[in-house]
J.: 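Please find one structure pasted underneath; my questions will follow.
The basis for the numbers below is simple: all heavy atoms, side chains too, and nothing from hydrogens, waters or symmetry mates. Proteins get letters first, then strands, A, B, ... in listed order; numbering begins at 1 in each.
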There are 2 protein chains.
Amino acid sequence: MGLRESKKLAAWRAIRTAALELFEERGFEAVSVEEIAAAANVSPRTFFNYFASKEAVVFDQDPEQREHWRALMADRPADEPLWDSLTAILVGFNQLLGDRIPLQRRLKDRSPALAQSSWEVVGEQFLADLREWTTSRTPEGDPMPAALKLNVALAAQNTAYQTWGPDEPFDGYLERLKCCLRQAGAGTASTPSSASNS
Amino acid sequence: MGLRESKKLAAWRAIRTAALELFEERGFEAVSVEEIAAAANVSPRTFFNYFASKEAVVFDQDPEQREHWRALMADRPADEPLWDSLTAILVGFNQLLGDRIPLQRRLKDRSPALAQSSWEVVGEQFLADLREWTTSRTPEGDPMPAALKLNVALAAQNTAYQTWGPDEPFDGYLERLKCCLRQAGAGTASTPSSASNS
DNA sequence: CAGAATTTTGCAGCGCCTGCAAACATGCAG
DNA sequence: CTGCATGTTTGCAGGCGCTGCAAAATTCTG
């Protein structure tokens, strides 16, 4: 792998774990980038070589995880209905994140700044990849139906996330997610939708 | 109305129109709060008495408009299916905003900072009111189905917004919005959903 | 081990945003 | 009109997020 790359990954993780510990301890707003950098033994300037913003350190995913969710996407059979694929990918992704979701939720609940902070639920890179994957599945015609399904699936995820009490176990969230996806997908059924073809 | 209130509204509007003109002319990032304040004949400090952030000046709605969309909500008959109500409210709201949506879109397209900036499509106050209205329509049991419908409706709106080319006329956006709402609502039908109980 | 490529760091600085207290404007009662 | 209470604007001082830049330190290549 090379010393350079491994050091880089190590630094990334050092910064993130340091930051998350501090955030959990004192809240997002009460911790400055300077402190995070100090706790991770890097210069404040270096923090921004790794994360585009203070928020990003909460939402960005470990670079190694990217391979995992790309596999999730790649593994969907080409003839599977789009909605089923999206469901499988989202559930898989949320399982992949696991205990990071509750942590993130705890931080969000305590920090107005974080709560308002775009990032639908988790991951900016994941979302970009998912959008790309989705459009790659829409060979011809207007992309609206596919984009709609994607956004509806994300809406289901949001709903699960929002209605999930912070006390409930993580499994409860996953259950809820599946439930929301099922309900939201009722009409978006696998059929090409008799009225949608050009 | 009182001198005080009218002056306040006037200041609000002066700031906003000054800001939007400058933004449109030179882009969101290239205009500082200081300049906006100067153009509106207020002190920079006063800007923040009216808007919580530089972004807010793009997304906040005129206080008077609030009455209008509250009327939209109040006007929905109590026995109307939730989805139909949501559709009517969202379409009405988007009509209400009218040409402000294209403007906002233009700014977003030019400014990465704005694009990332949470605010699903438009309005923070509107979203809060709509959420409240929606939960007020969910008397008993878990609020998940209602919340889901709301989020799905917003997803439809997002889709219309995203897939709407900036060149297309505004009416094209409205058409698209209705179309997305119809498609997304296919399964969310008015029935209480036979499979929803635990 | 020398030189190329890359990463870290310090520095200087802009701009957003906030709390605070003094000036200022408005509404109201006498 | 006058004086007081209430609400609004302003200046000041300052923290903090974030950026560009160029020097120092580190890793890679031959």
J.: Would you say Tyr50(B) and Asp60(B) are linked by a side-chain donor-acceptor pair, where the criterion is simply a distance under 3.5 Å?
T.: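 No, no side-chain donor-acceptor pair sits under 3.5 Å.
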J.: Please report, rounded to the nearest Å, how far the P atom of dG15(C) is from the CZ atom of Arg26(B).
T.: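 Going from CZ in Arg26(B) over to P in dG15(C) covers 11 Å.
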J.: Report the residue from Arg100(B), Arg16(B), Arg66(B), His68(B) that forms a side chain to side chain donor-acceptor pair (under 3.5 Å) with Gln61(B).
T.: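 Exactly one option meets the side chain to side chain donor-acceptor pair (under 3.5 Å) with Gln61(B), and it is Arg100(B).
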J.: Measure the spacing between CZ of Arg131(B) and CD of Gln162(A) and express it to the nearest 0.5 Å.
T.: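 Output value for this atom pair is 5.0 Å.
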J.: Just N and O in the side chain of Lys54(A): are any of them under 4.0 Å from OP1 or OP2 of dC18(D)?
T.: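 Negative; the distance criterion is not met.
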J.: Would you kindly give the CZ-to-C1' distance between Phe47(A) and dT19(D), to the nearest whole Å?
T.: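 The answer, rounded to whole Å, is 14 Å.
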J.: With nearest nucleotides of DNA chain C determined for Asn49(A) and Val31(B) from heavy-atom distances, which residue corresponds to the more 5′ nucleotide?
T.: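 Closer to the 5' end of DNA chain C: Asn49(A).
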J.: What is the distance, to the nearest angstrom, from the CD atom on Glu34(B) to the P atom on dG11(D)?
T.: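 Whole-Å distance recorded here is 11 Å.
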J.: Taking the side chain of Ser32(B) as its heavy atoms from C-beta onward, which of dC18(D), dG15(C), dT7(C) lies nearest to it?
T.: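 Among dC18(D), dG15(C), dT7(C), the one nearest the side chain of Ser32(B) is dG15(C).
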J.: Rounded to whole angstrom units, what separation is found between the CZ atom of Arg4(A) and the P atom of dT8(C)?
T.: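 One finds 9 Å between P of dT8(C) and CZ of Arg4(A), rounded.
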J.: Start at the 5' end of DNA chain C and walk down; is the nucleotide closest to Thr46(A) or to Ser53(B) reached first?
T.: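 Result of the comparison: Thr46(A).
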J.: Within this structure, what is the CD-to-P distance between Glu5(B) and dT26(C), rounded to whole angstrom?
T.: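 It works out to 14 Å between those atoms.
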J.: Report yes if a side-chain nitrogen or oxygen of Lys8(B) is closer than 4.0 Å to either non-bridging phosphate oxygen (OP1 or OP2) of dT8(D); otherwise report no.
T.: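 So the side-chain polar atoms of Lys8(B) do come within 4.0 Å of the phosphate oxygens OP1 or OP2 of dT8(D), strictly under.
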J.: List the atom of Gln157(B), the atom of Tyr173(B), and the distance in Å for their closest heavy-atom pair.
T.: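 Nearest pair, atom of Gln157(B) first, then Tyr173(B): CG-OH, 3.8 Å.
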J.: Using the six-membered ring wherever Trp is involved, compare the ring planes of Phe51(A) and Trp12(A) and label them parallel, tilted or perpendicular (cut-offs 30° and 60°).
T.: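 Tilted.
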J.: Write out a two-atom table: protein N or O, nucleotide N or O from nucleotides 18-22 of chain C, distance below 3.5 Å.
T.:
unit_1: dG19(C); atom_1: N7; unit_2: Arg45(B); atom_2: NH2; d: 3.0
unit_1: dG19(C); atom_1: O6; unit_2: Arg45(B); atom_2: NE; d: 2.7

J.: Indicate whether OP1 or OP2 belonging to dT9(D) is found under 4.0 Å from a side-chain N or O atom of Ser43(B).
T.: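 No, no such contact exists.
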J.: Hey, does Tyr50(B) reach any base, or is it just sugar-phosphate, or nothing, if we go heavy atoms under 4.0 Å?
T.: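 Since only primed, P, OP1 and OP2 atoms lie under 4.0 Å of Tyr50(B), the category is sugar-phosphate.
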J.: Which whole-number value in Å describes the distance from Ile36(B) CD1 to dG15(C) P?
T.: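 For the pair Ile36(B) CD1 and dG15(C) P, the rounded distance is 12 Å.
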J.: Rounded to whole angstroms, how far apart are CG on Asn41(A) and P on dT9(C)?
T.: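 Answer to the nearest Å: 9 Å.
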J.: Working to the nearest 0.5 angstrom, can you tell me the gap between Lys108(A) NZ and Tyr161(A) OH?
T.: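 Atom-to-atom, Lys108(A):NZ and Tyr161(A):OH are 4.0 Å apart.
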J.: Within less than 4.0 Å of OP1 or OP2 of dT27(D), is there a side-chain N or O belonging to Lys7(A)?
T.: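 Yes, within the criterion.
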J.: Distance check needed: dT26(C) P versus Leu3(B) CG, whole Å only.
T.: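 Atom-to-atom, Leu3(B) to dT26(C), this comes out as 6 Å.
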J.: Between Thr138(A) and Thr135(A), is there a side-chain donor-acceptor contact under 3.5 Å, judged purely by atom types and distance?
T.: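 Checked: Thr135(A)/Thr138(A) side chains show no N/O donor-acceptor pair below 3.5 Å.
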